[in-house]
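Presented below is the structure to which this report refers.
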Amino acid sequence: MASIFLPRSIRIGGGVIAELPAALAQFGLGAPAILTDPFLAQNGTLDRLLTILAAAGIAARAYCDVISDPTVASVEAAHSFVAKAAHDSVIALGGGSPIDTAKAVAVLAVRGGTMRERKVPHQEDAPALPIVAIPTTAGTGSEATRVTVITDEANDEKMLCAGLAYLPTIAIVDYELTLTKPLRLTADTGIDALTHAIEAYVSRLANPFSDGMALAAMRAIWPNLRTACAEPGNRAAREAMMAGSLQAGIAFSNASVALVHGMSRPIGAHFHVAHGLSNAMLLPAVTAWSAPAALPRYADCARAMGLAADGEGDQAAVTRLVEALRDVNRDLAVPTPKSYGIDETRWTELLPLMAEQALASGSPGNNPRIPDTATIEALYREAWA
């Protein structure tokens, strides 16, 4: 048995951002607050959105100071902005950070309190303000998930918060918004989406519905990842990456992520490494360690990605998968923690705390092979160089 949760409305395709007013009208919404970051406020994307809304007679206020890897303080600042007017919804414009911020603000605006009291295992299911997610990256899949991640500055902990309150009501998935993404962002968010798909498929909470989405995501992402990086204007590759990211988001929202994500969050919190990049740093090593406990599932991933033939044995297929993950990191210049410039002494000193925080997130418990803190520390050391 499985419980499946999805946004109530998903509009997907090139130029679909123009349908935002109609999507809002379907739900009787007409007073949104827009949460975005300084880059999108400056490059014309926010102005385009405001123009579309204004043409439909919708006056929206925009908050443009969302930060990467949102913190308790940054969420509170955005919440204060939204609370100053009578808004009936929040629109998240951007990558994972604006969407995560909007999810947190939507809850705080209705029920108050703090994000710390809402970290897992707490489930926040009662309705919040309706959330409209407009992703501008093909990676997080956050437009279709019921989770948000907020960093507590007091202890450098990336808090995973979950529940139906964080699930967007409307997702506007327009691949044309990704055509100007730079190579580094394209690569890191693309591998992030691939990680979502693989982890959802091998998760102990996987189910037939999430399996279908995860496999479809892998089939879309893997053949197009390098192309999207090498040819940023390739519309077919960008469209496939956007669709794959959405499918992967749906998959992990209904099956959960696993060890890679559990280990990734402390790297982001302590060393301010972007989420997609820290996932990419860890994916080959964690996959190699985890695979013996779910060889057929990982072999299915290899086949979906076109790395192994249907008749090829599971062990050979998984070997190809691990090699391919290492190869794509090399081809797309994914740095190791060492080459990224992280101080080795501080990295080593923080390993026990990082391992503890990884386990506390709950994600490693969904992994096919469940680690202890010593194993997680060893995997961090392997990923280092």
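The figures that follow rest on heavy atoms only: side chains count, while hydrogens, waters and symmetry mates do not.
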Given 3.5 Å as the limit, does a donor-acceptor pair link the side chain of N224 with the main chain of T227, or not?
no

Might you work through the side chain to side chain contact (heavy atoms under 4.5 Å, CB included) test for L246 and E143, ending with a clear yes or no?
CA-CA 7 Å; L246 172 63; E143 67 274 9; 3.6 Å; yes

Pairwise distance NE2(H272) to CD1(I267) - rounded to 0.5 angstrom
13.0 Å

Check whether any side-chain N or O of H87 sits under 3.5 Å from a backbone N or O of A31 as a donor-acceptor pair, and report yes or no.
yes

Between Y201 and I221, is there a shared hydrophobic cluster once you connect ILVMFWY residues whose side-chain heavy atoms come closer than 4.5 Å?
yes

Non-hydrogen side-chain atoms of R297 and D211 separated by less than 4.5 Å
yes

Between the side chains of E176 and R238, is the shortest nitrogen-to-carboxylate-oxygen separation below 4.0 Å, so that they form an ion pair?
no

So which heavy atom on H196 is nearest to which on T140, and how close?
CE1-O, 3.0 Å

Using 30° and 60° as the class boundaries, would you call the ring planes of F81 and Y63 parallel, tilted or perpendicular?
tilted

Any donor-acceptor pair under 3.5 Å linking the side chain of E199 with the backbone of L259?
yes

Hydrophobic cluster (4.5 angstrom, side-chain heavy atoms) - remaining members for L40:
V16, I17, L20, L24, F27, L29, I34, F39, L46, L49, L50, I52, L53, I58, I91, L93, V132, I134, I170, I172, L177

Decide whether V328 and V286 are clustered together by the hydrophobic rule: side chain heavy atoms of Ile, Leu, Val, Met, Phe, Trp, Tyr closer than 4.5 Å, transitively.
yes

Measuring from D331:CG to L225:CG, what's the distance to the nearest 0.5 Å?
9.5 Å

Hey, any chance M115 and V120 share a hydrophobic cluster, counting ILVMFWY side chains that come within less than 4.5 Å of each other, even indirectly?
no

If Ile, Leu, Val, Met, Phe, Trp and Tyr residues are connected whenever their side-chain heavy atoms lie under 4.5 Å apart, and connections chain through other members, are M305 and L332 in the same group?
yes

Nearest 0.5 angstrom please: M218 CE to Q247 CD, how far?
11.0 Å

With hydrophobic residues grouped by side-chain heavy-atom distances under 4.5 Å, do M281 and L185 end up in a single group?
no

Has S339 got a side-chain atom pairing as donor or acceptor with P335's backbone, closer than 3.5 angstrom?
no

Examine distances only and state if a side-chain atom of S74 and a backbone atom of P70 form a donor-acceptor pair shorter than 3.5 Å.
no

Quick one: does any side-chain atom of R204 pair with a main-chain N or O of N367 as donor and acceptor, under 3.5 Å?
yes

Within 6.0 angstrom of R8 CZ, more than 12 heavy atoms from elsewhere
no

Taking it one step at a time, do K181 and T136 satisfy side-chain hydrogen bond (donor to acceptor under 3.5 Å, both in side chains)?
CA-CA 8 Å; K181 278 171 58 179; T136 60; over 6 Å; no

Closest approach of G30 and D88, non-hydrogen atoms and distance?
N-OD2, 2.9 Å

On the six-membered ring of Y175, is R235 placed so that its NZ or CZ lies under 6.0 angstrom from the centre and within 45° of the ring axis?
no

Taking T348 for its side chain and E344 for its backbone only, find out whether a donor-acceptor pair lies under 3.5 Å.
yes

If you apply the rule side chain to side chain contact (heavy atoms under 4.5 Å, CB included), what do you find for L108 with V105, and how did you get there?
CA-CA 5 Å; L108 295 177; V105 168; 5.6 Å; no

Do the non-hydrogen side-chain atoms of M263 and N279 ever get within less than 4.5 Å of each other?
no

Is the shortest side-chain heavy-atom distance between Y340 and F271 below 4.5 Å?
no

Nearest heavy-atom neighbours spanning R226 and D327:
NH2-C, 3.9 Å

Closest non-hydrogen contact found for A299 with D314 is CB-OD1, 3.5 Å

Any side-chain heavy-atom pair from V334 and R184 closer than 4.5 angstrom?
yes

Quick one: do L353 and L350 satisfy side chain to side chain contact (heavy atoms under 4.5 Å, CB included)? Show the steps, please.
CA-CA 5 Å; L353 176 59; L350 283 172; 4.1 Å; yes

Any side-chain heavy atom of I250 sitting closer than 4.5 Å to one from F209?
yes

Has the side chain of S253 got a donor or acceptor atom that lies under 3.5 Å from a matching backbone atom of G249?
no

Here the gap from S278 atom OG to D192 atom CG, rounded to the nearest 0.5 Å, amounts to 8.0 Å

Checking S142 side chain against I99 main chain: does a donor-acceptor pair fall under 3.5 Å?
no

When rounded to the nearest 0.5 Å, the distance separating OG of S245 from CG of L194 is 11.0 Å

Shortest non-hydrogen separation from P38 to V66 and the atoms involved:
CD-O, 3.5 Å

Output the distance between atom CD1 (I150) and atom CD (E76), rounded to the nearest 0.5 Å.
11.5 Å

If the threshold is 4.0 Å, N to carboxylate O, is there a salt bridge linking D310 and R303?
no

Would you kindly say whether S210 and N254 are connected by a side-chain donor-acceptor distance under 3.5 Å?
no

V257/T195 under side chain to side chain contact (heavy atoms under 4.5 Å, CB included): CA gap, chis, key distance, verdict
CA-CA 9 Å; V257 286; T195 304; over 6 Å; no

State, with a plain yes or no, whether a side-chain heavy atom of L205 is found less than 4.5 Å away from one of F252.
no

Between I131 and A165 the two heavy atoms that sit nearest each other are CD1-O, 3.6 Å

Among R265, K158, H275, which one satisfies side chain to side chain donor-acceptor pair (under 3.5 Å) with D69?
K158

So, K103 side chain and T145 main chain: donor-acceptor pair closer than 3.5 Å or not?
yes

Cation over ring, R118 on Y166, under 6.0 Å and within 45°?
no

Does any part of the side chain of M159, heavy atoms only, come nearer than 4.5 Å to the side chain of R116, both counted from C-beta?
yes

Below 4.5 Å, heavy atoms only, C-beta onward: do L164 and E124 meet side chain to side chain?
no

